[in-house]
Amino acid sequence: MGGRRETMVNALLLAGLLAVPLWALWADEPFTITLATRVAILALAGVGLNLALGTGGLVSFGHAVFFGIGGYAMGILAFHAQNYTPLIEALSIPGTKSMPVIWAVAVLASALVALVIGALSLRTSGVYFIMITLAFGQMFYYFTISWPAYGGEDGMSIYLRNSFPGVNTLVPFNFFAISYALLLAVLLLVGRLMRAPFGLALSAARQNEARLRAVGIDPYRLRLSAFTLSGAITGLAGALYADLNRFVSPSMFSWQTSGEIMVFVILGGVGRLFGPVAGAALFILLEHFLGGISEYWHIFLGALLLGVVLFARGGLIGMLAGEEVAHD
Amino acid sequence: MSLLEIADISAFYGPSQALFGVSLSLEEGEVLALMGRNGMGKTTTLRVISRLLAHRGGTALFGGHDLARLPAYRAARLGIGLVPEGRRCFGPLSVRENLIAAARPGPWDLGRVVALFPRLGERMGQQAATLSGGEQQMLAIGRALMTNPRLLILDEATEGLAPVVRREIWEAVHRLKAETGLAIIVVDKSLGELASVADKAVIVEKGRTVWSGAFGGLSREVTAQYLGV
C-alpha cells in the first residue's frame, strides 16, 4: 500500500533480502543464508498476522497456534515418512516428505483451526478477543506438551530436509529461494487482496462497523474470512520454519512466539504490506548482532519497540516511506 | 404491494422510547419527504428502516420482507441504501476505494456515479477525509448508489453545505428521480427544495406520524403547526 516512495522502499527491502544470501553464497557463508531464510519465513508469519492485525484491527495474541500447527503438520508427516510408519494405521495413509503436500496440509489444517477459533473469538472484541486468542494458544501449547506420541515437551527432530521436485533442498540457498518465492507469492496475493473490495471492506470495518453494515457487508463474516486466511499464511510459515530447523517443539505454540510475530509487525509497520518483512529483518539483525554482545539483548529490543510505539507508529516502513497515503 | 410499508412502529434507545407509532409507505420510484422538527424521530425512523436500530412494536416490510428479522447488512443487500446524517465516509480510504468497497452488481457502477457527480471523478485517488464537506456528501451518496439500492435514504444530505454545493446535490436528486426508478426518502430542512422533488410527505411529531399524504396537500396550517414555518 502507499505511494511511490513506499514502493521504492519495498523493492529495496526485497532486493536486500535477496542480495544478502547471494553475497553469502559467493562468500561461502551458509550461516548468513540461514539467517536470511529465517527472515523470509518469519516475515511470512508476520504477513499472515498483519492481515488480521493491521488491516482488520484484530489484535490476535494466538497466532502461534497457526505457526505451531504448520510446524507440527510438517513434523508429523515427516516423522511418519522417516520412520516408515503409517500416519493413520487403519487407513494405511503414509507420512510424506514432499514439501508441496506438507504445505497444503499445513495451510488447510491451520485454516480450519483459524476458522473455528475465529468463529468463537470474533464474537468478542477488544481485550476479550486478545484473551480468547491467547487462551487458545495456551491450550494448544499444553496439549502438545502432553502428547508423547510426537515428542511431548522435548519436541521432534526430523533427520532429513523435506523434498521439493527438481530442487536439492539441503543446499541452504535453495531452501532460501523456496522460502523467498513463497514470501513473494503471499505478498503479491495479500497486496492484491488489500486493494480488492475484500481488503478495503476489512479496513473499513476497522474504522466503523455500523457504516459497513449499512452498505450491506457483514463485518463478522468478513473478519472471519480474513482471520482464516491470516491463520493459513502463518501456518505455511510454521511448516517452513520447522523444515528449516528440522525440529518442532511445543514452543512454536507458546505465547512468546505470538508476541514475537506481533513484534515483527509493529517494528516494521502495522498495516503496511511490507512491514513484517522490515520487522523480521530488523529482529533477526538485532538478535544476531546484539545477541553476540549480551544474552540480555531483548532489553534493547524492548527499548526499540517502545520507541516505535511512542514516536514512529508507522514502524520502520513509516519512517522510511512516510505516512500511509490513499491509493488510486 | 408497496415497496416499503411501515406501520405503527415503536423503538427505544436503551430504556428511552423514541418512536411511539410511526407509519409510512412508499412505492417504487416515489420520493417521500420525511419531515418534523429537530428531535421528533426522523433519524430514528430512518435508522429503523435501515436496521441500524431494531423496532419493538409495529411492522416494517420492505419488498415483502419483514425487516424485524433482518440484520442491517441483509437489509442493505435487499436494497436499502442509507446516506447517513453527517456524511460519514471511510476517511482513510480514497474516493475510489470508498466506492468499490461497497459495490454490488447492478446498473450503478463507478462510471455512472462519476457521471452523476463529476467532481468525484477528479478526486478518485484522494483520501476521503481530505475532501470538502460537499464532496464527502457526494461520495456518501455515490457509495450508497454503488450498493445498487431500490430505496435511497438521504438524511440531511445538504446540511451545512455551501449554497452552490447544495444546488449540485439537489440537481442530482432530481436526476435520480427523473432517470431511475429509485424510491427515495429525503429528510431536509429546505421546504422549497422538498416541494420540487417530493411526491408525498410524512410529518413526525414526538415519535408519532401526525400527518401523511401527497406533498401538494400540505397546508400552511399543517406546516405552521408541525414544522414552525
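Chain letters run A, B, ... following the sequence lines, proteins first, then strands; residues in each count from 1. Not measured: the values here are computed from a predicted model.
- When heavy atoms are compared at a cutoff of 4.5 Å, B:R104 approaches chain A solely by way of its side chain, counted from C-beta outward.
- Under the 6.0 Å cut-off for aromatic ring centres, B:H65 and B:F62 do not qualify, their centroids lying 6.0 Å or more apart.
- Counting heavy-atom pairs closer than 4.5 Å to chain B, the top-ranked of the candidates A:A201, A:P219, A:A204 is A:A204.
- Interface residue B:I100: backbone and side-chain heavy atoms are both found under 4.5 Å from chain A.
- Within 6.0 Å of NE2 on B:H174 lie more than 12 heavy atoms contributed by other residues, nucleotides or ligands.
- Residues passing the side chain to side chain contact (heavy atoms under 4.5 Å, CB included) test with B:E122: none are found, sequence neighbours excluded.
- For B:S50, no part lies under 4.5 angstrom from a heavy atom of chain A.
- Contacts of A:L202 with chain B are absent, with no heavy-atom separation under 4.5 Å from either backbone or side chain.
- Ring geometry for A:F61 against A:W255 counts as tilted: the plane angle lies between 30° and 60°, on a 0 to 90° scale.
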Distance-only check: which donor-acceptor pairs under 3.5 Å involve side-chain atoms of residues 13-23 of chain B, not counting sequence neighbours?
unit_1 : atom_1 : unit_2 : atom_2 : d
B:Y13  : OH     : B:T44  : OG1    : 3.0
B:Q17  : NE2    : B:L19  : O      : 3.0
B:S23  : OG     : B:D8   : N      : 2.8

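- Residue-level contacts of residues 74-81 of chain B with chain A, in order of numbering, are B:A76, B:R77, B:I80; threshold 4.5 Å between heavy atoms.
- In terms of modelled atom types and a separation under 3.5 Å, the side chain of A:R206 and the main chain of A:T55 share a donor-acceptor contact.
- In this structure, the side chains of A:I317 and A:N10 come closer than 4.5 Å at one or more pairs of heavy atoms.
- Neither the backbone nor the side chain of B:A103 comes within contact range of chain A; no heavy atoms are under 4.5 Å apart.
- For A:I132, the side chain to side chain contact (heavy atoms under 4.5 Å, CB included) criterion is met by A:S121, A:T124, A:F136, not counting sequence neighbours.
- Centroid-to-centroid, the aromatic rings of A:Y220 and B:Y73 stay 6.0 Å apart or farther.
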